[in-house]
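Below is one structure, written out as structure tokens, with a few remarks after it.
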Amino acid sequence: MKDTVIIETKRLLMRPFRLKDLNDILEYRGDPEVARFQLWEPYSADNTRFFIRKYQYAQFGAPGRWTGLGIQLKSTSKLIGDVALKISQDIYPQAEIGYNVNQQFQRKGFGSEGVKAVLDWVFTNTSIHRVTAVCDSDNKASAALLEKLGFRREGHFHKNVWSKGRWTDEYLYALLKTEWGTSK
């Protein structure tokens, strides 16, 4: 694969998805609690195979579409989540970030460590000057992760998304490249 992006931290390796990740991805993306605040329903094995095929060869950070990396524990090689990025095709260099973490590995700093590493990569290797993130207003853990990393809440959208049989509120967060160096 050309220009494969691999991002390493002390405990994690963010890397492209592989077919052998199927059970690990299904474990968290098939979990109703992980899917609870997402627009997607819990994954089946077929959804997971499609997800892997869609993203395993996609160039991470390619403009105009969502691309993702798996979050792998270095100690066990288990895939425990993913970080996704969508870089705008507009003349204005902006991106949106999203993430998921296996419920068993939440509240251990893995999500913030993975997102932080991807933000470091974005602000070092691209011309992106602003990264946004959207989360369900009831997802207190996601909001806390974003705020811990220095994101500022810029918007509260009331009843703007129909998800899982009800209208939900969302928060919009943003972080500028110029703020990143001061927020870490």
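Computed from a predicted model, the values in this text were never measured in an experiment.
- Side-chain polar atoms of T132 and E96 form no donor-acceptor pair below 3.5 angstrom.
- Side-chain atoms of L176 and R152, non-hydrogen and from C-beta on, do get closer than 4.5 Å to each other.
- L22 shares a hydrophobic cluster with F17, L19, I25, L26, Y28, V34, W40, Y43, F51, I52, Y55, W66, L79; the chain of contacts runs through ILVMFWY side chains whose heavy atoms sit under 4.5 Å apart.
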Should D82 and Y99 be marked as a side chain to side chain contact (heavy atoms under 4.5 Å, CB included) after you check the CA-CA gap, both sets of side-chain angles, and the distance that decides it? CA-CA 6 Å; D82 53 71; Y99 44 86; 5.8 Å; no

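- For H129, there are no ring-ring contact (aromatic ring centres under 6.0 Å, His included) partners, not counting sequence neighbours.
- T67 approaches A58 most closely through the heavy-atom pair CG2-CB, 4.2 Å.
- Heavy atoms only, all atoms of each residue included: T126 and W121 are closest at CG2-CZ3, 4.1 Å.
- Annotation for A35 and P42: closest pair CB-N, 3.8 Å, computed over non-hydrogen atoms.
- Every residue was checked against the salt bridge (Lys or Arg N to Asp or Glu O under 4.0 Å) condition with K108, not counting sequence neighbours, and none meets it.
- Dense packing is recorded around CZ of F157, with more than 12 heavy atoms of other residues, nucleotides or ligands lying under 6.0 Å away.
- F110 approaches F105 most closely through the heavy-atom pair CD1-O, 3.3 Å.
- In terms of heavy-atom proximity, S88 sits nearest to P63 at O-CB, 4.0 Å.
- Cluster membership check: V5 shares its hydrophobic cluster with M14, using side-chain heavy-atom separations under 4.5 Å among Ile, Leu, Val, Met, Phe, Trp and Tyr.
- Side-chain contact, Q56 with R18: no donor N or O sits under 3.5 Å from an acceptor N or O.
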Could you walk me through whether E8 and K74 pass the side chain to side chain contact (heavy atoms under 4.5 Å, CB included) test, one step at a time? CA-CA 9 Å; E8 190 170 349; K74 287 165 88 176; 2.7 Å; yes

Does Q72 form a side chain to side chain contact (heavy atoms under 4.5 Å, CB included) with K78? I'd like the steps, not just the answer. CA-CA 5 Å; Q72 176 185 305; K78 182 176 182 62; over 6 Å; no

In sequence, state the C-alpha distance, the side-chain angles, and the governing distance for R36 and E33, and then conclude on salt bridge (charged side-chain N to carboxylate O under 4.0 Å, His left out). CA-CA 5 Å; R36 179 175 169 208; E33 274 306 303; 3.7 Å; yes

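- To the nearest 0.5 Å, atom CG of residue L12 and atom NZ of residue K116 are 11.5 Å apart.
- Counting heavy atoms from C-beta on, the side chains of R153 and E147 come closer than 4.5 Å.
- In terms of hydrophobic clustering, with Ile, Leu, Val, Met, Phe, Trp and Tyr side chains grouped at heavy-atom distances under 4.5 Å, L172 and F37 are assigned to different clusters.
- At least one side-chain heavy atom of V161 sits less than 4.5 Å from a side-chain heavy atom of L39.
- Contact check for I87 versus Q94: no side-chain heavy atoms found under the 4.5 Å cut-off.
- In this structure the side chain of D136 never reaches within 4.5 angstrom of the side chain of D169, judged on heavy atoms.
- Checked by atom type, the side-chain pair Q104/E27 shows a donor-acceptor distance below 3.5 Å.
- No chain of hydrophobic side-chain contacts below 4.5 Å, direct or via other Ile, Leu, Val, Met, Phe, Trp or Tyr residues, connects I71 to L13.
- In this structure, R130 and A174 approach most closely via the heavy-atom pair NH1-CB, 3.5 Å.
- The shortest distance between side-chain heavy atoms of Y173 and C135 falls below 4.5 Å.
- Residues P16 and L69 meet the side-chain proximity criterion, which asks for heavy atoms closer than 4.5 Å.
- The number of heavy-atom neighbours closer than 6.0 Å to NZ of K164, taken from other residues, nucleotides and ligands shown, is above 12.
- Between W180 and F123, the two ring planes are tilted [angle within 30° to 60°].
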For D21 and R15, run salt bridge (charged side-chain N to carboxylate O under 4.0 Å, His left out): C-alpha distance rounded to whole Å, both residues' side-chain angles, the deciding distance at 0.1 Å, then the answer. CA-CA 11 Å; D21 296 326; R15 56 145 176 94; 2.8 Å; yes

Worked check of side chain to side chain contact (heavy atoms under 4.5 Å, CB included) between I80 and D24: CA-CA 7 Å; I80 63 164; D24 288 346; over 6 Å; no

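- Here the OG1-CG distance, from T168 to N160, works out to 6.5 Å after rounding to the nearest 0.5 Å.
- If you run side-chain contact (heavy atoms from CB on, under 4.5 Å) between L175 and each of L146, V122, L119, L149, only L119 comes through.
- Residues Y171 and S142 bring no donor and acceptor atom of their side chains to less than 3.5 Å of each other.
- Within the 4.5 Å cutoff, the side chain of I7 has heavy atoms near those of the V118 side chain.
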